[in-house]
Chemist: 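This is the structure I want to talk about, given as structure tokens.
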Number of protein chains: 2
Amino acid sequence: MTTSPTPRVTIKDVAARAGVSKGAVSLAFNHKPGLSEATRDRIFEAARELGWAPNLAARSLSSSRVDVVGLAICRPAQLLGLEPFYMEFVSGVESVLTERSCSLLLRLVRNVEEEVGLQDAWWRGKQVSGSILVDFRADDPRVPAAERLGLPVVAVGHPSLTGSLTSVWTDDATAVTEAVGYLAALGHRRIARVGGAAALGHTSIRTAAFDEATRALGIAGARQVATDFSGEEGARATRSLLSAAPPDRPTAIVYDNDIMAVAGLSVASEMGLNVPGDVSLLAWDDSQLCRLTHPTLSAMSHDVHGFGADVARTLFGVITGEGPGSHPVPTPVLTPRGSTAPPKV
Amino acid sequence: MTTSPTPRVTIKDVAARAGVSKGAVSLAFNHKPGLSEATRDRIFEAARELGWAPNLAARSLSSSRVDVVGLAICRPAQLLGLEPFYMEFVSGVESVLTERSCSLLLRLVRNVEEEVGLQDAWWRGKQVSGSILVDFRADDPRVPAAERLGLPVVAVGHPSLTGSLTSVWTDDATAVTEAVGYLAALGHRRIARVGGAAALGHTSIRTAAFDEATRALGIAGARQVATDFSGEEGARATRSLLSAAPPDRPTAIVYDNDIMAVAGLSVASEMGLNVPGDVSLLAWDDSQLCRLTHPTLSAMSHDVHGFGADVARTLFGVITGEGPGSHPVPTPVLTPRGSTAPPKV
DNA sequence: AATAGGGACTTTACCGGTTCAGTAACGGAT
DNA sequence: ATCCGTTACTGAACCGGTAAAGTCCCTATT
């Protein structure tokens, strides 16, 4: 049994079959004017019969445009799997890409330098028409790199981190302030925060906002610890916070994602502490996970799918020549569930 | 301030700069013989100075090969985000693609029909050199489609589902048997299973294996329920199973993924049942999540990252003309943790 | 001395589309 | 009857590479 050598059908075959020139087929398939209805139909009919689809490589070569956008993510694989955030984000991005029959080129990288090299190669090699940049850090090398290349990008991150690049961002500072305010309103005076990777820009923003918010409320015993976003570190951080003697022990903890909050919840129960009786927990980036625990987790909730879609739409804007801009998306909203309550006396 | 129009540098510029012909540059960059060391160096030097990277569209057009593989995933976005499985799988795939400077074209689709159309277009349009197919169901339309197109694919699924396609699969039946055997050995006689989407092939395989295993052990009261893999349905299923009166209530539950097991755990505690005292829980597709709960979840553990890598390697085999084959990967192994124990009395 | 062989390149013909200058045909205005 | 302006389409150049055939020169063989 031999594999049939798949006689690839090209635009020429379609043209021949429809009795027109290649040019006409091209016009028809790009919905450009200059063809009669009848001819157009004949062409589509011929293409259908032959099962022809334009060769994108050829198209992008001659028209020098590609329908692909790039996304490189830089987190250890094991952590990535757990972050519901990314998959949901990606699916939001896809939802708008699909509408415009555009594809997503995804790559996991080990560090920012590798990503810079990758974006560079993608753009130089005309593999993408633009890229989405995530996980900004202070003085991120991708900012000058994208500027230098003239690569159309949208930077997912606060404008203070993304230089002249078009950015789409959530107002983390306000959200942190709201979270702290909520816990303080419940009566908590000893509030701690288990933050994400210190190198990440949005982590520093939240850290600063947390300091500011607690100071403003006159809360003295506010502690923060940095982690790598993993459940394990979340657990470790929680254990260390909760093992302080009662007067120093926080009565409320805010987490930077929901995995760590879940881990924190189990640490509390392992230590014989009642949630929310002895300690209140507040998660971030509300995913379904927060509703699966017992008690359910209160969270700063956030439409990640819609966020991804916004980012993709903005990227199309940039690609079509829109000038740089800064696009805030709705601030995460506090969603109280079962893990937060007033502290016991 | 005008954006510099990015004068794209082509192979011709590099050739000119190195004082050779385009052909020579092509030879150098494809590591083909026929050039002296000196010339080769001059060419690379020139390319480096100009910051040139070959245009992949042009390359794939003339050499009729592309360094891209396709992957379409068909699950609702919200569920996807939660399944640690996919991100980990993807990262495994990426790890071997990257070595061969190959990229992954990812797309989320709504149903199998849409995927068939997509794979068809990808292949016809020469956008991919091969594809990875996941989530097989009985009489999957992708099997005849891939055969008809001559599209090189590797099917992630049991050979009984994937027809003549090259398959990579885990032996779910054996794993289920082992899981049931373990619980039975602990003394459980009333074992239930919270399965995944009934339409999926591996779900039916597990369902059949569960029936078979419980029958073989003479266990009468074995119940199974189908879900959509979501935590919510996992919780609902657990609630329904555990609300039976004690003699009928299962003393052990096996889940088809770990999200549902986490959900089940919280349902048990919400119902005032002790895990593992009153009921033992066993998760599947062991992710970090299983170590974050309290008690920690026993699970059928499985190297998903390595699985993805194997799949990618196999795909390269298929692309380079290796005949169809069936490649089993290691069976998930039972990893006992805190959620399983002998039943009380 | 003539010839063969091979290394190091160059030349040239594509790959499969898009684009744009050109052309033929037709209806209407002058 | 002529000229103009559209509309509908064709033909050829071009995009940036690859691949196969061709050229040239140098050394080894007969």
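By convention in this document, chain letters (A, B, ...) are assigned in the order of the sequence lines, proteins followed by strands, and residues within each chain are numbered from 1. Here the structure is a predicted model, which means the values were calculated and not measured.
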Chemist: Please walk me through it: do Thr314(B) and Val311(B) pass side chain to side chain contact (heavy atoms under 4.5 Å, CB included)?
Modeler: CA-CA 5 Å; Thr314(B) 308; Val311(B) 168; 5.7 Å; no
Chemist: In chain order, what residues pass the side-chain contact (heavy atoms from CB on, under 4.5 Å) check against Pro141(A), with sequence neighbours excluded?
Modeler: Val112(A), Glu113(A), Val116(A)
Chemist: Can you tell me if Asp41(B) uses its side chain to pair, donor with acceptor, with the backbone of Ala38(B) under 3.5 Å?
Modeler: no
Chemist: Rounded to whole Å, please give me the gap between CD1 in Ile11(B) and C1' in dA19(D).
Modeler: 12 Å
Chemist: So Phe89(A) and Ile73(A), do their side chains get closer than 4.5 Å, heavy atoms only?
Modeler: no
Chemist: List the steps, then state whether side chain to side chain contact (heavy atoms under 4.5 Å, CB included) holds for Lys126(B) with Leu56(A).
Modeler: CA-CA 7 Å; Lys126(B) 278 196 183 177; Leu56(A) 290 220; over 6 Å; no
Chemist: Could you tell me whether a side-chain N or O of Ser95(B) sits under 3.5 Å from a main-chain N or O of Gly92(B), the two making a donor and an acceptor?
Modeler: yes
Chemist: Expressed in angstrom and rounded to an integer, what is the separation of Asn55(A) atom CG from dG16(D) atom C1'?
Modeler: 14 Å
Chemist: Is it true that the side chains of Thr166(A) and His327(A) contain a donor and an acceptor less than 3.5 Å apart?
Modeler: no
Chemist: Which sits closer to the 5' end of DNA chain C, Ser63(A) or Ser63(B), going by the nucleotide each is nearest to?
Modeler: Ser63(B)
Chemist: So that I can tick it off, tell me whether Arg48(B) and Glu45(B) are bridged by a salt bridge, with the cut-off set at under 4.0 angstrom between side-chain N and carboxylate O.
Modeler: yes
Chemist: Check DNA chain D for consecutive Watson-Crick or G-U pairs with both distances under 3.5 Å and list the runs of at least three as stems.
Modeler: C:1-30 with D:1-30
Chemist: What orientation do Trp169(A) and His158(A) show, parallel under 30°, tilted 30 to 60°, or perpendicular over 60°?
Modeler: perpendicular
Chemist: Specify whether Phe29(A) and Trp52(A) have parallel, tilted or perpendicular ring planes, treating 30° as the upper limit for parallel and 60° as the lower limit for perpendicular.
Modeler: perpendicular
Chemist: Going by the salt bridge (Lys or Arg N to Asp or Glu O under 4.0 Å) test, which pairs reach into residues 92-112 of chain A, not counting sequence neighbours?
Modeler: Arg110(A)-Glu114(A)
Chemist: Round to the nearest Å and state the distance from Lys32(A) atom NZ to dA8(D) atom P.
Modeler: 17 Å
Chemist: Less than 4.0 Å between a side-chain N and a carboxylate O, is that true for Arg65(B) and Asp67(B)?
Modeler: yes
Chemist: Contact list please: residues 12-31 of chain A against DNA chain C, heavy atoms, distance less than 4.0 Å, in numerical order.
Modeler: Lys22(A), Gly23(A), Ser26(A), Asn30(A)
Chemist: Look only at the side chain of Ser167(A) and the backbone of Ala155(A), and say whether a donor-acceptor pair between them is shorter than 3.5 Å.
Modeler: no
Chemist: Let's see if you get this right: which residues in residues 33-41 of chain A place a heavy atom under 4.0 Å from DNA chain D?
Modeler: Gly34(A), Leu35(A), Ser36(A), Thr39(A)
Chemist: Using the heavy-atom set of chain A and a strict 4.0 Å cut-off, write down the first and last nucleotide of DNA chain C that makes it in, 5' to 3'.
Modeler: dG16(C) to dT19(C)
